[in-house]
Amino acid sequence: MKLKIYLTIILIGMLLLIAGAATYASDVLKPDPAFNTGACILIGITIFFLLLLLLWLIRLARGLREDEAIYEKYGDKWVFSQINRLDSRQLDQLISRRNSRKKAISKAKGGNNGFTAVMVLLLVLSSLAVHAQAPGENKNILTSPGMIIMLTLIFIPLVVTVFLVALKVRNLAAKTRYRRVKKETRQLADAVDHDDAIYDEIIKRKHALDYRLTNNELAGTIAPEDSKGILLNIDEVHGPRFFASKRKAAHKHQTDPKLVKLIMWYLGSAALWLVLGTTIGEYLGIKFVSPDADHISWLSFGRLRPVHTNMVFWGWSSMAMLGLGYYVVSTVSNTAVYSIKRGYYSLILMNAAIVLGSGMLMAGINNGGGEYREYIWPVMALFAAGIVVSLANYIQTIAQRKTKEIYISNWYIVSAMMFLTVIVTVGYLPFYQNGLGETIIQGYYMHQAVGMWFMFFNLGLVYYFLPQQLNTPIYSYSLGILAFWSQILFYTLIGTHHFIFSSIPWWLQTVAIVGSMGMLIPVFSGTTNFIMTFRGNFNKIGRSYTLPFYIVGILFYFTGSTQGTAEAFRETNLIWHFTDFTTAHSHLTMYGIIAFFLWASIYTIVPRLTGNEPKQGLVGAHFWMAFIGLLFYTIPLMVGGTLKGIAWREGKPFIDSVVLMAPYWLWRAIGGSLMWASHLVFAWNIYVMFSGHKSDPDIRKEVFDELKNVPVNAEI
Amino acid sequence: MEIYNNHKKLFTAALCFFVLLTFFVAIGPAFTSQNHNAPLPGSKPLNALETEGKAVFIAEGCVACHTQQVRNVDMDKVWGKRPNIAADYANITRTDVWRNTATLMGSERTGPDLTNVGTRQPSNDWHYLHLFNPRSVVAESVMPSYEWLFDIKDYAWPNDEVVNVPDDFKKGITGKIVATHKAVALVAYLRSLKEITLPDGKPVPIFLYGKSDAEKAAAAPSKGPAAKPEFDGAALYASNCQSCHQGNGEGLVGAFPSLKGSKVVLDDNPEVQVTIIMKGYNGRVSEGYGVMPAVGTNNNLKPEEVAAIVNHERSNWGNNSKQVTVDEVKKIIASFGKPETIAAKK
């Protein structure tokens with residue numbers, strides 16, 4: 001009864017408060033609109049706290065009513081319901097009490113009292129906090145002092161009254177509850193003493209509470225046995241690990257040893273060119289910081305730069321691609337490679353081209369300054385011949401395929417090989433290359449080589465290796481087909497975006513820009529396809545040492561390609577063209593996309609071919625150094641390149657833009673060093689995977705083969 | 001679909017599609033460009049020495065850092081009087097049977113554009129010094145040294161190009177540093193790089209993305225009255241003069257005269273100083289100094305810019321002579337008799 005009166009008072013008080021707040025708001029909001037925000041926040045907070053208070057009171061009232069209801073519901077049987085609320089210790093007490101027939105007061109209440117005290121304290125504190133908040137907020141937003149001070153003075157006592165009443169109500173409720181629980185517990189104790197039925201119930205309950213599991217209910221006690229042979233890669237680790245243990249590669253594949261050897265030759269050459277080419281690149285990066293590092297003609301910047309680019313293009317990337325291509329083309333065709341021998345011819349031709357070309361560039365013999373077209377035509381003809389030999393080999397392998405359809409990887413791979421042949425032919429034929437003809441062809445050549453050769457071939461590899469590694473089909477074949485045709489359509493057009501604002505025809509520049517925009521279609525569909533293939537398998541990334549390479553590749557495939565589109569616009573060309581931003585972009589793509597996809601593919605397949613796995617810690621070292629190094633390399637160059645472009649636009653003296661770049665060039669050299677170090681680790685990993693040391697399964701196989709020849713009764 | 005199961009059809013389709021687009025976007029335009037652009041009337045092909053020099057330029061891979069294209073955007077104004085047009089490259093043809101055409105347009109400007117370097121920097125002495133060690137003339141440069149284009153001799157022949165390298169960059173060389181034939185050819189090629197004025201009647205392409213008048217007006221008040229003047233003498237000096245006369249105004253002994261304490265600069269009458277900037281100077285060749293090019297005319301400097309440079313020289317490195325006004329400079333330039341209009345009348 002008392003409670004209801006109090007609740008009514010509080011309700012009226014709160015209504016008054018809300019009305020007061022509303023008046024306060026209407027008064028405050030009128031004079032100064034700028035003041036509105038602060039006032040609204042203050043009023044909002046007040047109302048919020050009042051609502052909280054209201055909720056709390058409602059809960060309190062409901063709790064009291066529920067207690068009453070339980071009592072009515074169970075009637076005579078309420079004692080039994082009480083038993084379930086007690087814990088084992090309390091039950092013990094009751095039992096011993098009955099047994100000894102001693103009168104004692106239950107100690108269970110002490111805790112409750114303490115709890116009440118804490119709650120009261122908390123409440124007081126919180127009310128204090130709220131109390132303090134109201135004037136505090138006011139102070140910050142005082143604008144017309146007189147009025148606001150007066151309103152606040154009315155406001156504060158109202159708030160305090162509400163809290164005091166609320167406290168009183170809470171105490172009352174707590175007291176009521178305490179009294180009731182005390183009474184019930186006494187009744188229970190009394191009942192136990194005199195009623196055997198209740199005593200039995202208590203004993204039963206006690207047994208139930210004391211029950212404990214044995215911890216082998218599910219596993220049983222029989223030792224495990226794998227009678228179907230389905231457990232592989234059992235890896236038990238006890239104690240803390242410095243390196244997270246990753247899933248091992250699956251079993252060694254039954255691949256033709258001759259093919260394995262061919263692939264190893266390709267990948268070995270590729271790794272060699274990678275290490276050599278990036279050593280040169282690293283040295284070039286150092287030359288930006290220390291231009292007087294040497295004064296030797298063969299090592300001067302202008303001569304070494306094309307050696308670096310061509311070596312990593314045609315040596316590292318192309319050779320790794322072809323080697324992996326030999327595996328993919330034959331595997332998805334479900335047939336053997338048409339001619340292993342031709343694979344070696346191709347390898348020799350390509351390697352010869354790179355050795356000759358690099359030597360000539362360093363000696364000062366080059367084709368005339370077009371980027372990636374620095375090898376003179378006899379050298380490039382050797383390289384193209386190597387590509388054609390392998391192309392014919394691939395097509396003949398596909399022609400003898402055992403599957404009806406041609407898997408999408410092979411579309412990309414074979415098309416890339418055909419396109420490269422066309423690109424090199426177009427780039428080196430002389431008939432239309434006088435004057436600006438050379439520049440138009442240069443734009444076409446340099447960009448097609450990147451997009452229709454490296455990117456296209458790599459997409460083919462990823463369409464095979466990513467689903468294979470995830471053990472799931474590619475998300476959408478249709479998206480792959482869309483990306484295929486749209487990339488041919490748009491990418492072929494965009495070459496001249498390297499010569500925006502130059503004297504090549506304006507319409508051709510515009511076509512290139514439109515094409516660059518169109519490239520978003522294949523890039524978005526490709527990225528979607530890969531990400532969706534990953535769906536549901538993201539948890540595997542942490543357990544695999546190859547998937548991080550794929551993820552980084554996909555990441556840069558999206559960001560790097562989109563960045564290319566962004567760079568092609570006229571407005572952005574104003575800032576970024578001719579600056580180091582371009583260098584950053586080319587590394588983001590050729591390294592971030594191509595190299596990472598190639599590493600992903602190599603780490604996926606080589607352990608399955610040779611049965612030797614690299615040390616996981618070292619693969620991790622390779623990954624992290626390459627990834628972080630790339631970020632250190634590209635981000636400073638992008639920042640510096642942008643600043644350089646802005647400086648040029650503002651008409652600052654040219655030398656200022658050189659001075660400006662110094663710290664960014666230093667960061668580039670640091671990032672480059674990390675990348676370079678990671679390649680040394682990669683080369684070591686390749687060595688471990690290839691090494692003559694026989695893998696454990698191989699040794700086991702040999703021993704068993706020997707066993708066959710040993711007489712049964714002989715001693716081993 | 002049938003095409004996706006038939007390798008002949010699929011790959012033929014892809015190849016045809018690609019080749020078709022290649023014709024549209026590369027071979028066709030290249031043919032058109034080659035056949036529809038003739039060299040400009042005023043242009044002359046490279047002579048034998050310059051051709052050799054271009055071969056050196058190609059062999060050393062200079063194109064990695066130096067472009068040769070003035071784009072039709074405002075920021076490229078510093079590299080030439082007008083944007084390049086296709087005809088500028090029309091007389092560049094295939095180098096020889098082994099090597100392709102080299103327009104050398106480049107794709108990165110780690111160093112300055114060279115389209116007009118022959119006009120901008122016609123001094124042999126500067127080029128030799130710069131090639132021997134770029135940091136001897138431009139301290140901040142990151143260009144490689146081309147030491148191997150120079151010989152060390154005990155005695156120089158009368159025809160030898162002797163380079164007066166400052167001691168700091170000699171690295172203990174005691175003999176005479178003489179430019180080899182390759183260096184001579186390379187410098188001849190660099191000096192031949194000049195933009196040709198378009199023939200009368202041919203429309204000159206404009207520089208795009210310049211600051212419009214409205215933008216300038218909008219930018220001006222925001223700077224406030226205390227902001228820098230529109231023409232920054234220090235920056236203009238750095239762009240036009242510093243590579244020879246150096247940032248400290250002291251020049252290089254035996255190559256470029258000092259402006260610090262120079263009689264010409266300290267003269268209260270700016271006439272000689274302005275005239276030298278606009279028309280060049282050869283008065284101190286006998287002392288071993290090089291010929292100064294007509295920097296102001298070559299680089300198309302406005303009277304306001306010349307005045308800013310003159311005032312910068314007059315108020316730095318301890319120099320403290322009378323400042324000039326734009327009007328004074330305009331008057332001096334007007335007294336030259338407007339050579340351009342005379343040429344046009346002829």
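From a predicted model like this one, the values you see are computed outputs, not experimental measurements. Side chains included, hydrogens not; waters and symmetry mates left out as well; all remaining heavy atoms used. Throughout, a chain's letter reflects where its sequence line sits, starting with A, and its residues are numbered from 1.
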Could you report the tightest heavy-atom contact between A:Asn434 and B:Gln34, atom names first, then the distance? N-OE1, 3.0 Å

Under the rule for salt bridge (Lys or Arg N to Asp or Glu O under 4.0 Å), what residues qualify as partners of A:Lys644, not counting sequence neighbours? A:Asp580

Contact winner vs chain B - A:Ile398, A:Leu508, A:Ile376, heavy-atom pairs under 4.5 Å: A:Leu508

Under a plain distance cut-off of 3.5 Å, with no hydrogens placed, do B:His7 and A:Arg401 share a side-chain donor-acceptor pair? yes

side-chain hydrogen bond (donor to acceptor under 3.5 Å, both in side chains) involving B:His312 - partner list, sequence neighbours excluded: B:Asn316

Can you tell me which of A:Tyr428, A:Phe484, A:Trp506 forms the most heavy-atom pairs within a distance under 4.5 Å of chain B? A:Trp506

With chain A, the option among B:Gly111, B:Gly106, B:Pro134, B:Ala234 that has the most non-hydrogen atom pairs under 4.5 Å is B:Gly111

Given a strict heavy-atom distance threshold of 4.5 Å, which part of B:Phe57 is in contact with chain A: side chain, backbone, both, or neither? neither

May I ask you to name which of B:Asn72, B:Asp76, B:Asn100 has the most heavy-atom pairs under 4.5 Å with chain A? B:Asn100

Taking side chain as C-beta onward, heavy atoms only, is A:Phe654 less than 4.5 Å from B:Val78? no

Interatomic distance, A:Gln433 atom CD to B:Ser33 atom OG [nearest 0.5 angstrom]: 11.5 Å

Pick from B:Gly61, B:Pro39, B:Ala87, B:Ala30: which one has the most heavy-atom pairs with chain A under 4.5 Å? B:Ala30

If you tally heavy-atom pairs under 4.5 Å against chain B, which of A:Ala399, A:Gly515, A:Gly651 wins? A:Ala399

Ignoring hydrogens and angles, state whether a donor on the side chain of A:Thr439 or B:Tyr89 is under 3.5 Å from an acceptor on the partner side chain. no

Among B:Ala86, B:Ala64, B:Pro144, B:Ala238, which has the most heavy-atom pairs under 4.5 Å with chain A? B:Ala86

Would you say A:Trp485's side chain and B:Ala14's backbone share a donor-acceptor pair under 3.5 angstrom? no

Does any non-hydrogen side-chain atom of B:Gln242 lie less than 4.5 Å from one of A:Pro653? no

Could you give me the CA-CA distance, side-chain angles and deciding distance for B:Arg109 and A:Trp648, then say whether side chain to side chain contact (heavy atoms under 4.5 Å, CB included) is met? CA-CA 11 Å; B:Arg109 263 184 203 157; A:Trp648 288 348; 3.6 Å; yes

Among A:Gly437, A:Ala293, A:Gly370, which residue forms the greatest number of heavy-atom pairs with chain B at distances under 4.5 Å? A:Gly437

Which atoms of B:Leu236 come close to chain A, meaning under 4.5 Å heavy atom to heavy atom: side chain ones, backbone ones, both, or neither? neither

Any residues in residues 488-495 of chain A near chain B, with a heavy-atom distance under 4.5 Å, and which are they? A:Ile488, A:Leu489, A:Thr492, A:Leu493

Which of parallel (below 30°), tilted (30 to 60°) and perpendicular (above 60°) describes A:Phe501 and B:Tyr209? perpendicular

Within the 4.5 Å heavy-atom criterion, are A:Phe578 and B:Glu108 side-chain neighbours or not? no

Pick whichever of B:Arg135, B:Lys54, B:Arg94 has the most heavy-atom pairs under 4.5 Å with chain A. B:Arg135

Check each atom of B:Asp74 against the heavy atoms of chain A and say whether the ones under 4.5 Å are side chain, backbone, both or neither. neither

Does A:Lys287 NZ have over 12 foreign heavy atoms under 6.0 Å away? yes

Region of A:Tyr445 that comes under 4.5 Å of a non-hydrogen atom in chain B: neither

Residue that, paired with A:Glu438, satisfies side-chain contact (heavy atoms from CB on, under 4.5 Å) out of B:Thr93, B:Leu104, B:Thr101, B:Ile92: B:Thr101

Highest number of heavy-atom pairs under 4.5 Å with chain B: which of A:His498, A:Glu571, A:Gln442? A:Glu571

Which answer fits A:Ile504, side chain, backbone, both or neither, if we ask what part of it has an atom under 4.5 Å from a heavy atom of chain B? neither

Test side-chain hydrogen bond (donor to acceptor under 3.5 Å, both in side chains) applied to A:Tyr444 and B:Thr22, step by step: CA-CA 8 Å; A:Tyr444 167 84; B:Thr22 298; 2.8 Å; yes

Portion of B:Val63 that has a non-hydrogen atom of chain A nearer than 4.5 angstrom: side chain

Counting C-beta onward and ignoring hydrogens, is there a side-chain heavy-atom pair between A:Leu574 and B:Val73 closer than 4.5 Å? yes

Where on A:Arg305 is there a heavy atom nearer than 4.5 Å to chain B: the side chain, the backbone, both, or neither? side chain

Would you mind checking which part of B:Pro29 comes under 4.5 Å of any heavy atom in chain A, side chain (CB onward), backbone (N, CA, C, O), both or neither? both

Measure distances from A:Pro430 to the heavy atoms of chain B and classify the residue's part below 4.5 Å as side chain, backbone, both or neither. both

Identify which part of A:Leu436 has an atom lying under 4.5 Å from any heavy atom of chain B, answering side chain, backbone, both or neither. both

Among B:Tyr237, B:Tyr146, B:Phe24, which residue forms the greatest number of heavy-atom pairs with chain A at distances under 4.5 Å? B:Phe24

For B:Thr110 and A:Phe288, what are the C-alpha separation, side-chain angles and deciding distance, and is it a side chain to side chain contact (heavy atoms under 4.5 Å, CB included)? CA-CA 10 Å; B:Thr110 309; A:Phe288 275 95; 3.6 Å; yes

Output the distance between atom CD (B:Glu147) and atom CG (A:Asp294), rounded to the nearest 0.5 Å. 10.0 Å

In Å and rounded to the nearest 0.5 Å, what is the CD1 to CG distance from B:Ile58 to A:Asn367? 9.5 Å

Partner residues of B:Asp96 under the side-chain hydrogen bond (donor to acceptor under 3.5 Å, both in side chains) criterion, sequence neighbours left out: B:Arg99

Please tell me if the side chains of B:Phe18 and A:Gln448 come closer than 4.5 Å, counting only heavy atoms from C-beta onward. yes

May I ask you to check whether B:Gln69 and A:Ser503 show a side-chain donor-acceptor distance below 3.5 Å? no

What is the distance from atom CD of B:Glu60 to atom OG of A:Ser300, rounded to the nearest 0.5 Å? 5.0 Å

Max heavy-atom pair count under 4.5 Å with chain B, selected residue of A:Val658, A:Ile655, A:Val511: A:Ile655

Side chain, backbone, both or neither: which part of A:Trp665 has a non-hydrogen atom closer than 4.5 Å to chain B? side chain

A:Met661, part contacting chain B, at a heavy-atom distance under 4.5 Å: neither

Would you compute the distance between atom OG of B:Ser141 and atom CG of A:Asp292 and round it to the nearest 0.5 angstrom? 9.0 Å

Out of curiosity, A:Glu405 CD to B:Tyr4 OH, how far, rounded to the nearest 0.5 Å? 13.5 Å

Which region of B:Asn133, side chain (C-beta onward) or backbone (N, CA, C, O), has a non-hydrogen atom less than 4.5 Å from a non-hydrogen atom of chain A, or is it both or neither? side chain

Before you tell me yes or no, could you show the steps for B:Thr32 and A:Tyr432 under side chain to side chain contact (heavy atoms under 4.5 Å, CB included), namely the whole-Å CA-CA distance, both residues' side-chain angles and the distance that decides it to 0.1 Å? CA-CA 8 Å; B:Thr32 314; A:Tyr432 35 77; over 6 Å; no

